[in-house]
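Order of appearance sets the numbers: ligands from 1, and atoms from 1 within every ligand. Numbers here are sequence positions counted from 1.
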Amino acid sequence: MEILILPTPADVGRAAAGVIAAVVANRPEAVIGLATGSSPQGIYRDLARRVDAGEIAFERARGFALDEYVGIPQEHPQSYASIIARDVVEPLGFDPSLVQVPDGRASDLDLAARQYQAAILAAGGIDIQILGIGTNGHIGFNEPTSSFASRTRIKTLALRTREDNARFFATPDEVPTHCLTQGLGTILDARALVLVAQGEQKADAIAAAVEGPVSAFVPASALQLHEHATIVVDEAAASRLRLTDYYRYTYDNKPKWQRTH
Ligand code: F6R
């Protein structure tokens, strides 16, 4: 794993956007896995800036959202379909017909999940997957004890996740109890992963994921099994890592030709 520790949340967004921009510059029809929540907002803002500056274009890129709540209407402002449309498709200029979100309103959720998984495969797999991390170490909505072999499926949200996400809803009870999420196996199938985290509230999860044992109890520790995972954190999210000197030294001595940020 490459661990990048940067001074501010804005630096995190810019650096992670650089990783994604390099993939798209090399392959304009790249397949991008799209996370929602607060963490990737800086990435999308920086990518939108690059689009506006004419540095990069997403019109041929494909997108697959990481997850979706079950049971809220698509047009709900907090559905991930709405958020992806608002924060990603529009500002980055994706072709909406090339971006998919799991169908959390499907009458047969199991079938919808399998079809979503099949659609990712049919698109040739994900070139780069954007990830945030939950305070309990989840990625996507793969809550602790999710199987490393799991593919897109229905999951029950952990109570901690529902509490963390209550800030997006009028009342805590409004937070859905279930979701469809790409599995840990789906995420590990992506050709590259970039995980971002900002703030002290993510420090324990980052330390456990990066330096703890590989364990289904900390789903993000699955990244240790991936050959091309970049983890970009600010100082606060890095504050419980032990090998920070090594990560900084590695980054400072990274050959120019390898740099995207
Ligand atoms: C969102 C997702 C989640 C979030 C995580 C962190 O699509 O899959 O794993 O990345 O819950 O959420 P924020 O970024 O809001 O702290």
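Between Phe169 and Tyr69, the ring-plane angle classifies as perpendicular under the 30° and 60° cut-offs.
In terms of polar-atom proximity, Lys202 is counted as a contact of ligand 1, with an N or O under 3.5 Å from an N or O of the ligand.
Hydrophobic clustering (side-chain heavy atoms under 4.5 Å, transitive across Ile, Leu, Val, Met, Phe, Trp, Tyr) keeps Val12 apart from Leu131.
Closest heavy-atom approach to atom 3 (C) of ligand 1 among the candidates Gly140, Ala65, Gly134: Gly140. In this comparison of Thr181, Ile187, Asp67, the heavy atom closest to atom 2 (C) of ligand 1 sits on Asp67.
Salt-bridge annotation for Arg248 and Glu235: present, with a side-chain N of the basic residue lying under 4.0 Å from a carboxylate O of the acidic one. Classification of Asp46 and Arg49 as a salt-bridged pair holds, one side-chain N sitting under 4.0 Å from a carboxylate O. Residues Arg27 and Glu29 are paired through a salt bridge, judged by an N-O separation under 4.0 Å between the basic side chain and the carboxylate.
Once rounded to the nearest 0.5 Å, the distance linking CD1 of Ile231 with CD1 of Ile5 reads 10.5 Å.
Within the 4.0 Å heavy-atom criterion, the part of Arg167 lying near ligand 1 is the side chain and not the backbone. Contact annotation: for Thr36 versus ligand 1, heavy atoms closer than 4.0 Å belong to both the backbone and the side chain. Residue contacts with ligand 1, taken as heavy atom pairs separated by less than 4.0 Å, do not involve Thr161 at all.
Nearest protein heavy-atom neighbour of atom 11 (O) of ligand 1: His138 NE2, 2.6 Å. In terms of protein heavy-atom proximity, atom 14 (O) of ligand 1 is closest to Ser39 OG, 2.4 Å. Ile133 O, 3.3 Å is the protein heavy atom nearest to atom 6 (C) of ligand 1. Nearest protein neighbour of atom 10 (O) of ligand 1, counting heavy atoms only, is Gly132 CA, 3.3 Å.
For CD of Glu55, the number of neighbouring non-hydrogen atoms (other residues, nucleotides, ligands) closer than 6.0 Å is greater than 12.
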